[in-house]
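Below is one structure, written out as structure tokens, with a few remarks after it.
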Amino acid sequence: MAFASSLSPSYSLPNLSSQPKKSVSTLNKIYPFSLLHRPPIFRVVCSSQLQGRDSSNFNLFASVTSADILLDEAVEQVQLPKGDTWSIHKFGGTCVGTSERIQNVANIVVKDESKRKLVVVSAMSKVTDMMYDLIHKAQARDDSYIVALDAVLEKHKATAIDLLKGDDLTNFLARLHQDINNLKAMLRAIYIAGHVTESFSDFVVGHGELWSAQLLSSVVRKSGLKCVCMDTRDVLVVNPTSSDQVDPDYLESGRRLEKWYSENSSDIIVATGFIASTPENIPTTLKRDGSDFSAAIMGALFRARQVTIWTDVDGVYSADPRKVSEAVVLSKLSYQEAWEMSYFGANVLHPRTIIPVMKYDIPIVIRNIFNLSAPGTMICRPADFENEDGHQLESTVKGFATIDNLALVNVEGTGMAGVPGTSSAIFGAVKDVGANVIMISQASSEHSVCFAVPEKEVRAVASALESRFRQALSAGRLSQIAVIPNCSILAAVGQKMASTPGVSATLFSALAKANINIRAIAQGCSEYNVTVVVKREDCIKALRAVHSRFYLSRTTIAMGIIGPGLIGATLLDQLKEQAAVLKEKSNIDLRVLGITGSKTMLLSDTGLDLSIWRDQLKEKGEKADMQKFVQYVHGNHFIPNTVLVDCTADSFIASHYHDWLRRGIHVITPNKKANSGPLEQYSKLRTLQRQSYTHYFYEATVGAGLPIISTLQGLLETGDKILRIEGIFSGTLSYIFNNFVGARPFSEVVKEAKEAGYTEPDPRDDLSGTDVARKVIILARESGLKLELSDIPVQSLVPDPLKDVASAEEYMQQLHLYDQDLAKQRQEAEATGEVLRYVGVVDVVNQKGTVELRRYKKEHPFAQLSGSDNIIAFSTQRYEKQPLIVRGPGAGAEVTAGGVFSDILRLASYLGAPS
Ligand SMILES: NC(=O)C1=CN([C@@H]2O[C@H](COP(=O)(O)OP(=O)(O)OC[C@H]3O[C@@H](n4cnc5c(N)ncnc54)[C@H](OP(=O)(O)O)[C@@H]3O)[C@@H](O)[C@H]2O)C=CC1
Ligand SMILES: N[C@@H](CC=O)C(=O)O
Ligand code: NA
């Protein structure tokens, strides 16, 4: 073996536990932003990118520039057939994990119509780990390495027997046995010495690539095409760097490639990934993601048309699909975006992989070998994002990512401002404890610097800072070194963010609307990345909120319906009918995740089927538990916004609004109890509502679906002064007095009103005038009056003996006994050409309200109503001579549910739905 003789005994003993791992779990590949295998070196580079893009970009580009020159020279000097005729493919370990998969790869290679192809191949999956395991065992003087080596032999032998025949098989097996014998000898030497050098280790491990390249090239040859196998240690020359990376020696690699190609000219080359040589011909590796790097270097040296990286995911996702089920595969990414994204998981492509191809604008395409119908993600220059009309094809923000388990450190004090060297002292102390700073933020007032470090490092950082600044702290120049634990980073990445105003505004408003508090913000002036720090428990919700804002485009709202009685059930039916239209036309996605009555509740993760909820609630409903219900509906982090719709008439449910709003849950209700309850509670609720981005809508509490609250708010917000609001506020009482004309007894008309769905759950609330009084209170408070319900004198129509009967049913049964009272009043009114009407008045000028049964001339507008009509007259400074009048049905299931529904859509539009 050529390399065995050149192994240098002077190599230092490598720490095998820090060996670069090539095999990356499938989970990590699904979502390249995850942090499962982030290499420390890369973190350092990119954390500085987050901290201040100026300097880090300069450094990164500076190194690109020097490499560029060498690469240019190499590409110019090398006499090879270069250019568009070449396409480069790289197949990772899973792509060649079995004999069937190797055959499949060969088919893809054969089908590629490019004139010339170079195929870089990794070791079969698990083989690299098996090889490292051999070394570990031998180094630990564990002689089970012999059995383990047999397993490596058997795996490749079995694969070859599956794939090859005749001479191809014989030749492969002969080489395999020879390699295994050499390895056995080498491992024996490691076993005896009890240690291993880096080059020994690299040499052993590199066999995985050699065998898979030999197998694949033989299989391609089976199809009758000429195909040669390249051991890239004969071609790629690299120099180690201080940061456990390697720099390609492009000039020398180019020369060797030219020589190699002159001896092995072929239109199809299968090359080993990952492995290379030092200038002294000592075997080495290209470190992490080395096969991708091999492909990129080859792509540049050949000036290829395209480099395709074959893997087992459909491409690069806009967010971790395990956290955001609506994450999409990005069709295009710029080289810079790919860099940024790889920080958040480093498996898009290692940034250094991009450097050689970026120089020649060679696109890199990431494709799924197991889903050939997926076009994959193309990493290319940004100009390729535009269509023929110059329109952008992609969203401004490409991807979102999170990093958990962080803590913020806040160093604060008046003595920091304008004192040169403060930052240096702070970060010097952080460096001394070896902590990795992930983000830095400092406002220009310079009174505080805050930065994020991994949670596990924060204790050491805090004590290093305390000891470094002990004097400043005791002198009061620094007021505190505070640690804020349990934080996460959420980052938005996108090159176009740089030149598109409003992206940050959209991002922050999405977070605000999801009630996410931002602890810190960082954005370098290159603007490719905006980073915010949030509480860890808010992180997934924040990710979904921003992702849905930029990608879903539709407003997705998680809904919990409390009280599926007459109004609640009608609302659910209306939602069912309208859901598809709302999604299609307005991009509004309303998902009812829960329905609860007082006894049973029904929950769903993704949204209940509203055509069968009644049966499901009956058959599968679980015991109602309001705490669990709210937690469930709001805790669904996939949907950024939650609304609870209270369709009960329950004061206890209403008493929860404050807590719900405080937790960022929007509340919509036709229930009057909260707004007409104790003034103190009401004021607290309204104060909270005004301070937060959480919405509380209650249009249906007055006049059902009629626009009463919104009209009043519109007048007030535009500066009008309300003088008086007067009207018929009860649909029930309106219906009763519109129909109580002598033909039927009073009790019968009341029964009709109840059957029509106009009454409160207990009709005595209507007949006692309490319901009207509540509406008067709601409008009075909305107009600025500080009145309690008890301040409103109410004329009750409930006969005294029925006030305390146990149930509404009993009341209804006995009501006919008292028909005479109201019949008499009606007749007296009629005798003078008048009618009875139950009215409410908000007298803003005199700060009082009244509720009473009055007599009106038959010509009066209040006498002209029909059905459940409400009529409300607003006398204001602007509408003084002629009041503004709103009239129409003010009770009933359809109109009330419609009013609640329209509040839901108002919420959607506040949350960003197109108007
Ligand atoms: N009818 C109308 O025209 C108008 C009505 N409204 C208001 O709409 C609201 C609903 O009225 P309506 O549908 O007629 O009343 P219903 O009596 O038909 O329905 C009330 C619902 O609330 C549920 N409920 C009661 N207490 C609780 C509780 N503690 N927890 C969970 N669920 C509870 C009941 O469930 P269960 O059966 O399991 O107890 C029932 O499903 C009322 O506030 C009313 O003032 C507003 C404007 C007009
Ligand atoms: N019971 C109420 C319903 C609306 O609030 C009424 O009759 O007006
Ligand atoms: Na209304």
Side-chain angles (χ1 to χ4, degrees), residues 560-572 594-602 614 617-618 621 623-627 629-630 644-656 668-676 697-713 727-738 750 753-776 778-779 782 808 838 840 867-872 886-903 906:
I561 309 290
I562 306 166
L566 179 68
I567 306 302
T570 309
L571 172 67
L572 286 162
I595 299 173
T596 185
S598 61
K599 294 167 206 74
T600 50
M601 67 179 184
L602 192 61
R614 285 181 177 83
L617 186 60
K618 253 187 239 139
K623 191 168 177 299
D625 174 342
M626 190 50 67
Q627 208 181 340
F629 180 81
V630 175
L644 290 174
V645 184
D646 171 21
C647 294
T648 72
D650 194 330
S651 312
F652 181 64
I653 299 291
S655 71
H656 289 85
I668 290 175
T669 190
N671 180 357
K672 299 157 202 112
K673 298 293 159 55
N675 283 10
S676 61
F697 296 145
Y698 42 85
E699 178 58 82
T701 56
V702 182
L706 296 179
I708 307 297
I709 302 285
S710 53
T711 301
L712 177 55
Q713 287 175 341
I728 293 178
F729 296 113
S730 167
T732 300
L733 295 175
S734 179
Y735 178 86
I736 290 171
F737 289 108
N738 292 339
V750 173
K754 180 161 171 36
E755 280 165 6
Y758 302 148
T759 65
E760 293 303 292
D762 184 339
R764 281 174 295 181
D765 283 345
D766 300 285
L767 274 294
S768 66
T770 308
D771 180 71
V772 177
R774 288 190 183 280
K775 289 165 180 166
V776 164
I778 292 169
L779 296 179
E782 202 75 39
Y838 201 90
S868 69
D869 275 3
N870 281 189
I871 182 163
I872 289 111
V886 181
R887 177 193 156 164
E894 290 294 338
V895 293
T896 307
V900 178
F901 198 171
S902 111
D903 271 350
R906 187 163 147 225

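Every number for a ligand or one of its atoms is a count from 1 in the order of the listing. When a residue number appears, it is its place in the shown sequence, counting from 1.
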For the atom pair CZ (F737) and OG (S730), what is the distance rounded to the nearest 0.5 Å? 9.0 Å
Can you measure from CD1 (I562) to CZ (F629) and round to the nearest 0.5 angstrom? 5.5 Å
When you measure from atom 16 (P) of ligand 1 to every protein heavy atom, which one gives the shortest distance, and what is it? L566 N, 3.9 Å
For atom 7 (C) of ligand 1, closest protein heavy-atom neighbour: P670 O, 3.5 Å
Enumerated ligand 1 atoms positioned under 4.0 Å from heavy atoms of D650: 26 (N), 27 (C), 28 (C), 29 (N)
N/O/S atom of V702 inside 3.0 Å of the Na ion (ligand 3), strictly under: yes
Taking distance alone, with N or O pairs closer than 3.5 Å, would you say K672 contacts ligand 1? yes
Considering only protein heavy atoms, which is closest to atom 4 (C) of ligand 2, and at what distance to one decimal place? K775 NZ, 3.4 Å
With nothing but distance in play, are any N or O atoms of I567 less than 3.5 Å from an N or O of ligand 1? yes
Close-contact set for ligand 1 against A891 heavy atoms, below 4.0 Å: 3 (O)
Numbering the atoms of ligand 1 from 1, which are under 4.0 Å from a heavy atom of I653? 28 (C), 29 (N), 30 (N)
Say you draw a straight line from CZ of F729 to CG of L779; how long is it, rounded to the nearest 0.5 Å? 5.0 Å
Taking only non-hydrogen atoms of G731, do any sit less than 4.0 angstrom from ligand 1? no
Using a strict cut-off of 4.0 Å, indicate which atoms of ligand 1 neighbour a heavy atom of K599. 38 (O), 39 (O)
Close approach, S730 and ligand 2, non-hydrogen under 4.0 angstrom: yes
I'd like to check which ligand 2 atoms, numbered from 1 as shown, lie under 4.0 Å from a non-hydrogen atom of K672. 4 (C), 5 (O)
List every atom of ligand 1 that sits less than 4.0 Å from any heavy atom of A700, numbering the atoms from 1 in the order shown and giving each element. 46 (C), 47 (C)
Applying side-chain contact (heavy atoms from CB on, under 4.5 Å), run through K673 and D650 and close with a yes or a no. CA-CA 7 Å; K673 298 293 159 55; D650 194 330; over 6 Å; no
For ligand 1, which atoms sit closer than 4.0 Å to a heavy atom of P761? 15 (O), 17 (O)
Please determine if Y758 has a nitrogen or oxygen closer than 3.5 Å to a nitrogen or oxygen of ligand 2. yes
Which is it for D766 and V750 under the side-chain contact (heavy atoms from CB on, under 4.5 Å) test, yes or no, and what are the steps along the way? CA-CA 10 Å; D766 300 285; V750 173; over 6 Å; no
Can we say E760 and K672 salt-bridge, meaning some charged N sits less than 4.0 Å from an Asp/Glu carboxylate O? yes
OG1 on T596 to CE on M626, rounded to 0.5 Å: 5.0 Å
Separation between CG (L572) and CZ (F901), nearest 0.5 Å, reads 10.5 Å
Heavy-atom nearest neighbour in the protein, as seen from atom 44 (C) of ligand 1, with distance rounded to 0.1 Å: E760 OE1, 3.3 Å
Identify, by atom number and element, the atoms of ligand 2 in contact range of D771, meaning under 4.0 Å from any of its heavy atoms. 2 (C), 6 (C), 8 (O)
Determine whether D903 and R906 satisfy the following criterion, salt bridge (Lys or Arg N to Asp or Glu O under 4.0 Å), listing intermediate values before the conclusion. CA-CA 5 Å; D903 271 350; R906 187 163 147 225; 3.5 Å; yes
Could you tell me the residue and atom name of the protein heavy atom closest to atom 7 (O) of ligand 2, and the distance to it rounded to 0.1 Å? T732 OG1, 2.6 Å
So which protein heavy atom does atom 20 (C) of ligand 1 come closest to, and at what separation? C647 O, 3.9 Å
So for K673 against ligand 1, with non-hydrogen atoms under 4.0 Å, the contacting part is neither
So which heavy atom in the protein is nearest atom 48 (C) of ligand 1, and how far is it from that ligand atom? T896 OG1, 3.0 Å
For ligand 1, which atoms sit closer than 4.0 Å to a heavy atom of G757? 1 (N), 2 (C), 3 (O)
Give a yes or no on whether the backbone of D646 and the side-chain of T669 come within a donor-acceptor separation of less than 3.5 Å. yes
Restricting to N/O/S atoms, is L706 within less than 3.0 Å of the Na ion (ligand 3) or not? yes
Quick test: of every protein heavy atom, which one is nearest to atom 38 (O) of ligand 1, and how far off is it to 0.1 Å? S598 N, 2.9 Å
If you have a sec, read the angle at the Na ion (ligand 3) from A704 atom O over to E699 atom OE2, to 10 degrees. 140°
Can you check which of A569, G703, A654, G563 brings a heavy atom nearest to atom 21 (C) of ligand 1? G563
G568 N/O to ligand 1 N/O under 3.5 Å: no
Would you mind telling me if ligand 2 is within reach of the side chain of T759, the backbone, both or neither, using heavy atoms under 4.0 Å? backbone
Closest non-hydrogen protein atom to atom 2 (C) of ligand 2, residue and atom name please, with distance? E760 OE2, 3.2 Å
Pair E699, I708 - check side-chain contact (heavy atoms from CB on, under 4.5 Å), show working. CA-CA 7 Å; E699 178 58 82; I708 307 297; 4.1 Å; yes
Nearest heavy atom to atom 1 (N) of ligand 2: which of D766, I567, V772 does it belong to? D766
Nearest non-hydrogen contact to atom 24 (N) of ligand 1 from the set L571, T648, D766 belongs to T648
Within a distance of under 4.0 Å, is there any protein heavy atom near atom 3 (O) of ligand 1? yes
Element-labelled atoms of ligand 1 that are located less than 4.0 Å from some non-hydrogen atom of G892: 2 (C), 3 (O)
Short N or O distance, G731 and ligand 2, threshold 3.5 Å exclusive: yes
Identify, for atom 19 (O) of ligand 1, the protein heavy atom at the shortest distance, and state residue, atom and that distance. G565 CA, 3.3 Å
